[in-house]
Amino acid sequence: YRIRGDIASVEGFEDSVTGRVKILESVQGASVTSIGDSAFDRCSGISEVIIPESITEIARRAFRDCTGLETVRIPDSITRIEDEAFSGCTALKNLTLGEAIRSIGKGAFQDCASLTEVIVPDEVNNVGDFAFADCSSLVSIKLGERVSNVGSWAFSQCTSLESIEFGPRFRWFRNGVLEGCHQLTRVVFLGNAPSYRGNMFSALNPDLTVFATAGARGYRATLGGAPVEFLDGERPEIRIHGARFDIAGNFVIRVKSGNEQINVFHSTEPGTAFKAVTQFSTRGASEVVIRAGSPELEGDLGFFRIVAE
C-alpha cells in the first residue's frame, strides 16, 4: 500500500501471495481508494480478489495476466475500469460488474478465455476497443440501456458467442465488433437500426438472425446481410384488400399504402414468428408482388403481414 495523507492505494504484491486476496478498506487510518497501475500484474497465484466499496478506481493493467484468478466482483463504488485491467485472466469465470460503472476501457477483459456470460450494467455508456475480444468461451452478452458506444473489435474472436443484445441507445456498429464470432445466431437491437459500413455480419453464421423491437425505425427485410425478425409488439400494419396469382405465377397482394416504404413478413401458421420476405417488389402504391418460386409460396398454408417502414 502507498499512503498519501488520508488516501491510500494498492501498488504491488508479495511474490508469495496466493488464493483469496482481500483488499483492505483502510491502512493506518487512510482510506484505500484505488488499485494502481499493474498492481497485481502477472500475479498468477491469486484465485479470488475481494474489492471493498472504498475503491473507486481500478487502474490500467491492475490484474493483467493473473492466470489463476477465477472470481471478481466489481463493487458499485467503481465508475470506470481502465485499459487492460483484467486482460489475460484466462481462468476468470465468475465476473460481476458494479451498477455504477460508466466506462470499460480498451482490452479490459480481453482473452478472459473462461468467461461464459457478460452482463454490462445500465449505467455503462462506453465499451472500449477489444474490451472482450478473444473471450473464447463467452456464450452470451447483454449490453445495458445506456451503452451508446462499442469500440472496434470489442467482441471479436469470441468463437463460442451465440447471442448478443444491444440496448436502446446503441447507434453505430464499428469495424470488426463481432469479427470471428462464427457461432452467433441471435443479435438483438432494442433501439433503432444502427448505422454501419459494409456488411456488418459478413462471414458469420448463415443461421444468424437480427431481432428488433416493434416500432423501431430503419429496419428492412435484412440488416447487414442478416434477416430481420421483430420481437413482441406491433408495427403500423397496412390493410390487405385482396390477393391473387398472376399468369406468371407471382402472388400479387392488393394494398392501400400511400407512398410509405414497406416491409413484408410471412408465417407458416398462426402463433409462430413472422420472418422477413426478401423476394418481393411493389407496383406503385397498391400492389405487393411475391415473386414466383419464392419459398413463402410453397406449401398449402401461409400468412403475410405488410407493415410500414
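Because the structure is predicted, anything quoted here is derived from the model rather than measured.
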Exercise: identify the closest heavy-atom pair between [X] and [Y]:
{"X": "A113", "Y": "S137", "answer": "O-OG, 2.7 Å"}
{"X": "L138", "Y": "C158", "answer": "CD2-SG, 4.2 Å"}
{"X": "E11", "Y": "G36", "answer": "OE2-CA, 4.4 Å"}

(message) Just verifying a value: how many Å separate T209 OG1 and L184 CG, rounded to the nearest 0.5 Å?
(response) 10.0 Å

(request) With rounding to the nearest 0.5 Å, note down the distance linking CG in L223 to CZ in F173. (result)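 Answer for the CG-CZ pair, L223 versus F173, is 8.5 Å.
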
Are [X] and [Y] side-chain neighbours, meaning at least one heavy-atom pair lies under 4.5 Å?
{"X": "F189", "Y": "P194", "value": "yes"}
{"X": "I74", "Y": "F86", "value": "yes"}
{"X": "F40", "Y": "L69", "value": "no"}
{"X": "I81", "Y": "I101", "value": "yes"}
{"X": "I104", "Y": "F109", "value": "yes"}
{"X": "F170", "Y": "L143", "value": "no"}
{"X": "T213", "Y": "V188", "value": "no"}

(request) Determine whether the side chains of R171 and N149 contain a donor N or O and an acceptor N or O closer than 3.5 Å. (result) no

(request) Indicate whether any N or O donor in one side chain lies under 3.5 Å from an N or O acceptor in the other, for S152 and R174. (result)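 Not at all, the side chains of S152 and R174 share no donor-acceptor pair under 3.5 Å.
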
(message) With a sphere of 6.0 Å drawn around CZ of R73, does it hold more than 12 non-hydrogen atoms of other residues, nucleotides or ligands?
(response) yes

(message) Are there over 12 heavy-atom neighbours, none belonging to I50, within less than 6.0 Å of that residue's CD1?
(response)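 Yes - once you tally the heavy atoms of other residues, nucleotides and ligands closer than 6.0 Å, there are more than 12.
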
Membership question, hydrophobic clusters at under 4.5 Å side-chain separation (ILVMFWY): are [Y] and [X] in the same one?
{"X": "I290", "Y": "F245", "result": "yes"}
{"X": "I58", "Y": "V127", "result": "yes"}
{"X": "L24", "Y": "I35", "result": "yes"}
{"X": "L297", "Y": "V288", "result": "yes"}

(message) Given the ring of F211, does R186 sit roughly above its face, with NZ or CZ under 6.0 Å from the centre of the six-membered ring and within 45° of the axis?
(response) yes

(request) Starting from the C-alpha separation in whole Å, work towards a yes-or-no answer on side-chain contact (heavy atoms from CB on, under 4.5 Å) for T90 and D111. (result) CA-CA 6 Å; T90 53; D111 196 24; 4.1 Å; yes

(request) Apply side-chain contact (heavy atoms from CB on, under 4.5 Å) to F63 and L92, showing your working. (result) CA-CA 11 Å; F63 295 93; L92 182 60; over 6 Å; no

(request) Kindly state each residue pair satisfying salt bridge (Lys or Arg N to Asp or Glu O under 4.0 Å) with at least one member in residues 129-152, sequence neighbours excluded. (result) E123-R146

(message) Angle between ring planes, F130 versus W153, binned at 30° and 60°: parallel, tilted or perpendicular?
(response)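 If you compare the ring of F130 with that of W153, the planes turn out parallel.
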
(message) Under the criterion side-chain contact (heavy atoms from CB on, under 4.5 Å), I'd like the reasoning laid out for E162 against V139: C-alpha separation, chi angles, the key distance, then a yes or no.
(response) CA-CA 5 Å; E162 298 176 1; V139 175; 3.8 Å; yes

